[in-house]
Each structure stands twice: as structure tokens, then as C-alpha cells.
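Just so it is clear, the values below take in all heavy atoms, side chains as well, and ignore hydrogens, waters and symmetry mates. Sequence lines set the chain letters: A, B, ... in the order given, protein chains first and strands last, and positions in each chain run from 1.
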Protein chains: 2
Amino acid sequence: MLTGNVKLAIVDDHPIVLEGLQRLIAHVPEITMVGTFTEGAPLLDYIRTNQVDILLLDISLPGENGMEICKEVKRISPQTQVLALSNHAERSMILQMLQHGATGYLLKNIAPGELVACIAEAQQGLLTFSKAAKEIMARPSSVELKGIPQLTKREKEILHWIAEGRTTPQIAEQLNVSPLTVETHRRNLIQKFAVPNVAALIKVAAQQGFI
Amino acid sequence: MLTGNVKLAIVDDHPIVLEGLQRLIAHVPEITMVGTFTEGAPLLDYIRTNQVDILLLDISLPGENGMEICKEVKRISPQTQVLALSNHAERSMILQMLQHGATGYLLKNIAPGELVACIAEAQQGLLTFSKAAKEIMARPSSVELKGIPQLTKREKEILHWIAEGRTTPQIAEQLNVSPLTVETHRRNLIQKFAVPNVAALIKVAAQQGFI
DNA sequence: AAATTTCTACTGGTTTCCCGGTATATTTAT
DNA sequence: ATAAATATACCGGGAAACCAGTAGAAATTT
């Protein structure tokens, strides 16, 4: 599966994990470990001047944000494929990492053989997941789907325009109704989502896929 | 790969596609086609009273929103695995469908054999993609990653609290600074994202992964 | 050391939002 | 047919957001 030589880098704050991965990779001639890092900043420095094909990125570094690092990596070096490596077994976390440009998500309980297979897939420019991650993705948690309010057609319409940045008077004009009507809908939206204002409304509505 | 009997339903507005899929599935004894639909509403009625294991859902139905249908299906019948079937070859579209509870994404140029393999994977409760979709997901478009403003630490902090629904005075108190300072940061955020107000700010910031 | 960026803070004014209510047609569902 | 949900609209008032500026202190970068 692996072709040519893969330059691999790893970021993880646990030295043991770095050790283990290094030993593991040593057995695979097609993979060259070009760098191991325990923090984000040195990694970002490294990729500015060196080629890294695949990055295994622990996204739960203390005091840092794995997503930010991922985004920055892709900004500096778009051809680097980032594989998130994490204990976080939550659907929303996986989706967020993908949104930040990750090309795959591996749970830390991954088997060595599976890891190599995933690296190979990533090298070929393919999305890849560990099996456990695939299982999580196929099981939308009931928490995620619960508590999602039912919106009427009109409410969805108005929600959309609010998210676009239109004010109440502007929306009213657009829909040919009274601003007071639009305001009522807006208030109903805020109530249905149980949030204090539009800012929070847009946040939760976006999270729940309404926008 | 396929075990037992899979109850499959399809939604697609092109009769030809329905025909073709039906023919294709007829060759696979483990899959039973329990329903074909050209609109969302009849499908939703059907799943309210009948078991469907896997749903192939065309997400570009005229006058309907595939995401809404997907979300509704998962609400009514969480055990139904929804495979999005589409021509839309965009990363953001795929992510949105996953966010709405889909368990996989297949591009319409999928090979018959691959389709059956994907159905089998979905049946096992695993996330699944057609190969073309995997390729798209591994190539975050530069457009997506470009045009993303650089935010300072303070701005990120304030953005976060705005999204939580806090008002300017509340944030000021929390951070022990003047409300006027918070307002300045807020205005800088609105300017950096080139949006008219906080509602739009939260929308684009959420889309770009800041929230 | 100098330049740039970031964080801080202000004045004064307009618009919009948000809250407490109430209320009547029109659909939609039972 | 009757009940429930939806879309429409209003009043009054206080709080917050938004606009157009200016500007010094602190931290960072060059």
C-alpha cells in the first residue's frame, strides 16, 4: 500500500506515546520519522521550512487547541495530511477536526497495523478513520439529536436572514410584513432555542445544522 | 460482507436512477428494496410505521432540502442509516450532511460494486464514503482555508463569550476591563470578518471553526 | 532601539434589540 | 367541527448594539 517514502511528524505531549510510535514506525521502511514534538509552536516552525507528508496530531495538548494547530498547519502547508489522534470519542469532535482540515481521525486505541494502513490511505490523498471512529460517526448520539426544536417554515426563513446579518426592519421589508411580526418570530426563535440573544441563537442553530 | 437481510429505501427525483438502483439491487439477495420515493414527505410517512435499515438519500431534490430530510429521518428512526447520494462534490456539503446525521456520503459516479460494499459497511454501523468522496475530503479547498482572518488571543476570547450569549457589560465584568474596551474588540471582530453585525459574525466564525 | 501590533479606554449619538404583555385571522390537525 | 398551531400585528420602555472617530499604554516583532 505504501509507496515511496513518507515523511511523518508527530505531536503528542506524552513522551511514552512518542516513544511507542517511533518504535512502531521504525519497522516500516517506507515511513521516515522526521520530527516529534510535544508542543504546537515548534512543529509549526518546523513545517515552515521542512516537508512533512503526514502529521499525527494529538488534539488534546495541555494549554493548546488542537484545532487551531491543525488549521495553521493546513494554512502553512496544505499538502500535509493531518491525522487527528485522540482519546475524544465524540462525533462532534471528529466533525470539528474535519472542518479544520484534518484528513482523518484516529482513536488512540488503534492497532499498530491499522495505524500503518491509515497512514497509507492518507498518503494516497484519501479520508481515513480508525474503525472505532467510524463506529462513532455512524451513531449520531441521541443527545445531539434531542433538544432540537421544531421550527416553522417562517421561523427557518427568518432565522436564515438573521444569520445573514439582516436587521429586523430589513427582513420585514424583504418579506413584506410588519417589523413587529418579524420581531415576534425572532423572539419565538430565541425562546425555542432557550438562548438569551441572537448571538447565542446563531451559535446553537449553526451547531444543530439550521444554518 | 452483507449479513442477514437489509431493508433498503431510496429517495431520488430521477425515475431513471430509481430504476437503475432497483435493477442493481435485484441481483443482491441480502438486500430488499422496501420503498422508492421521489419526494421527502412520503418517505417520512413510510418510516414512521415501517422498518428501514438503510436509506439512500438524494440530497438535491427540487424544492426540498436533503439535510432537513436526513435530520427528520434520524429523529423519527435513529437506527436507520442514511447514506447521502449526490452529485455535489464539495467538502462543505459532505460535512454538513454528516452534521445532520448521515452515516456516509456517496457520489453518484459510484461503481455498482462499490455501492454494495458501502451499504454493507453502513449496515455494520460504520461510517462509509465512496472513493471519490474520500478524495474530496482529503483536499481541503484553499478557498475554505483562505480569507480566514487572524484573530488575537483577546479577540478569540471575546468572540467565544459573545457566542455564549454574553452581553458587552457582562464580558467586561468577567474579564475585568471596561465595557468600552470590549466594545472595541467586538467592533474589530465585526470588521475583520467583514460582516454587518454579531449575528453574521457568529455565523461565519462558526463556519470557519472559531466557535 | 524603533516600528508595529495589540490592548486598553474614551465621547456622543442613532438604531436595533430585548422584554413584558396582548390579540386576531388563518392554517393545520384531531 | 373543534382544537391547536401558526402567522400576523400592536404598545411601551429600558438595555444593548452599532457607528465614527480618537488615543495612550503595553506587548511583540524587526
Side-chain angles (χ1 to χ4, degrees), chain A residues 40-42 44-45 48-49 68 72 76 148-205 210, chain B residues 39-42 44-45 48-49 68 72 75-76 148-205 210:
Chain A
L44 294 175
D45 282 343
R48 263 182 261 271
T49 47
E68 294 285 326
E72 193 62 14
I76 297 169
I148 292 182
Q150 293 277 8
L151 300 190
T152 68
K153 230 176 204 166
R154 205 50 154 175
E155 283 168 345
K156 281 178 199 164
E157 202 174 0
I158 285 168
L159 174 59
H160 172 253
W161 289 117
I162 293 173
E164 286 295 315
R166 306 291 169 90
T167 66
T168 295
Q170 285 171 347
I171 298 169
E173 197 189 350
Q174 188 147 20
L175 303 181
N176 276 311
V177 292
S178 159
L180 299 162
T181 301
V182 176
E183 203 198 312
T184 302
H185 286 304
R186 159 195 241 110
R187 284 162 67 180
N188 289 339
L189 281 165
I190 287 175
Q191 199 169 31
K192 278 193 180 181
F193 280 92
V195 290
N197 54 35
V198 276
L201 170 69
I202 300 302
K203 189 197 73 165
V204 301
F210 285 101
Chain B
E39 288 165 75
L44 294 175
D45 281 343
R48 263 183 262 269
T49 46
E68 294 283 326
E72 194 62 13
R75 210 181 56 80
I76 296 168
I148 293 180
Q150 293 278 9
L151 301 190
T152 68
K153 232 178 202 164
R154 207 48 155 175
E155 284 168 345
K156 281 179 198 164
E157 202 174 1
I158 284 167
L159 174 61
H160 172 253
W161 289 117
I162 293 173
E164 287 293 316
R166 307 291 170 89
T167 65
T168 294
Q170 285 171 349
I171 298 169
E173 198 189 349
Q174 188 147 22
L175 303 182
N176 277 312
V177 292
S178 158
L180 297 162
T181 302
V182 176
E183 202 198 313
T184 301
H185 285 305
R186 160 195 239 108
R187 284 162 64 183
N188 288 340
L189 282 165
I190 288 175
Q191 198 169 30
K192 277 193 179 180
F193 280 93
V195 290
N197 54 34
V198 275
L201 169 68
I202 300 302
K203 189 196 74 164
V204 303
F210 285 101

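Here the P atom of nucleotide C:dC7 and the NZ atom of B:K156 are 10 Å apart, to the nearest Å. Between A:L189 atom CG and D:dA7 atom P the separation is 10 Å, expressed in whole Å. Rounded to whole Å, the distance from CD on B:E183 to P on D:dT22 is 16 Å. With rounding to whole Å, B:I171 atom CD1 is found 14 Å from C:dA9 atom P. What separates CG of B:N188 from C1' of D:dC18 is a distance of 13 Å, to the nearest Å. The distance between atom CZ of A:R166 and atom C1' of C:dT15, rounded to the nearest whole Å, is 18 Å. Atom-to-atom, CZ of A:R186 to P of C:dT16 comes out at 11 Å; the value is rounded to the nearest Å. When the P atom of D:dG24 is taken as reference, atom CG of B:L180 falls 17 Å away, rounded to whole Å.
For A:T184, no side-chain nitrogen or oxygen approaches OP1 or OP2 of D:dT8 to under 4.0 Å. The side chain of A:R187 contributes no N or O atom lying less than 4.0 Å from OP1 or OP2 of C:dC19. For the OP1/OP2 pair of C:dC7 and a distance below 4.0 Å, the side-chain nitrogens and oxygens of B:T152 include at least one atom meeting the criterion. The side chain of B:S178 places an N or O atom within less than 4.0 Å of a non-bridging phosphate oxygen (OP1 or OP2) of C:dC10.
The side chain to side chain contact (heavy atoms under 4.5 Å, CB included) test with A:F193 is passed by exactly one of A:N188, A:L151, A:I202: A:L151.
With salt bridges taken as basic N to acidic carboxylate O contacts below 4.0 Å, none links B:R186 and B:E183.
Closest to the A:K153 side chain, of the nucleotides D:dA16, D:dA7, D:dA9, is D:dA7. Set against C:dC7, D:dA17, D:dC10, the side chain of B:R154 has C:dC7 as its closest nucleotide. Closest to the B:P169 side chain, of the nucleotides C:dT8, D:dA17, C:dC19, is D:dA17. Comparing atom distances between the A:T168 side chain and each of C:dA9, C:dC17, C:dC7 picks out C:dC17 as nearest. With D:dA9, C:dT8, C:dC18 as the candidates, the nucleotide lying closest to the side chain of A:V198 is C:dC18.
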List the steps and the verdict of side chain to side chain contact (heavy atoms under 4.5 Å, CB included) for B:L159 and B:K192. CA-CA 12 Å; B:L159 174 61; B:K192 277 193 179 180; over 6 Å; no

Verdict with reasoning, A:L175 to A:I158, per side chain to side chain contact (heavy atoms under 4.5 Å, CB included): CA-CA 9 Å; A:L175 303 181; A:I158 285 168; 3.9 Å; yes

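With hydrogens and angles disregarded, no donor-acceptor distance shorter than 3.5 Å links the side chain of A:K203 to the backbone of B:E164.
Within 4.0 Å (heavy atoms only), B:T181 reaches at least one base atom of the nucleic acid.
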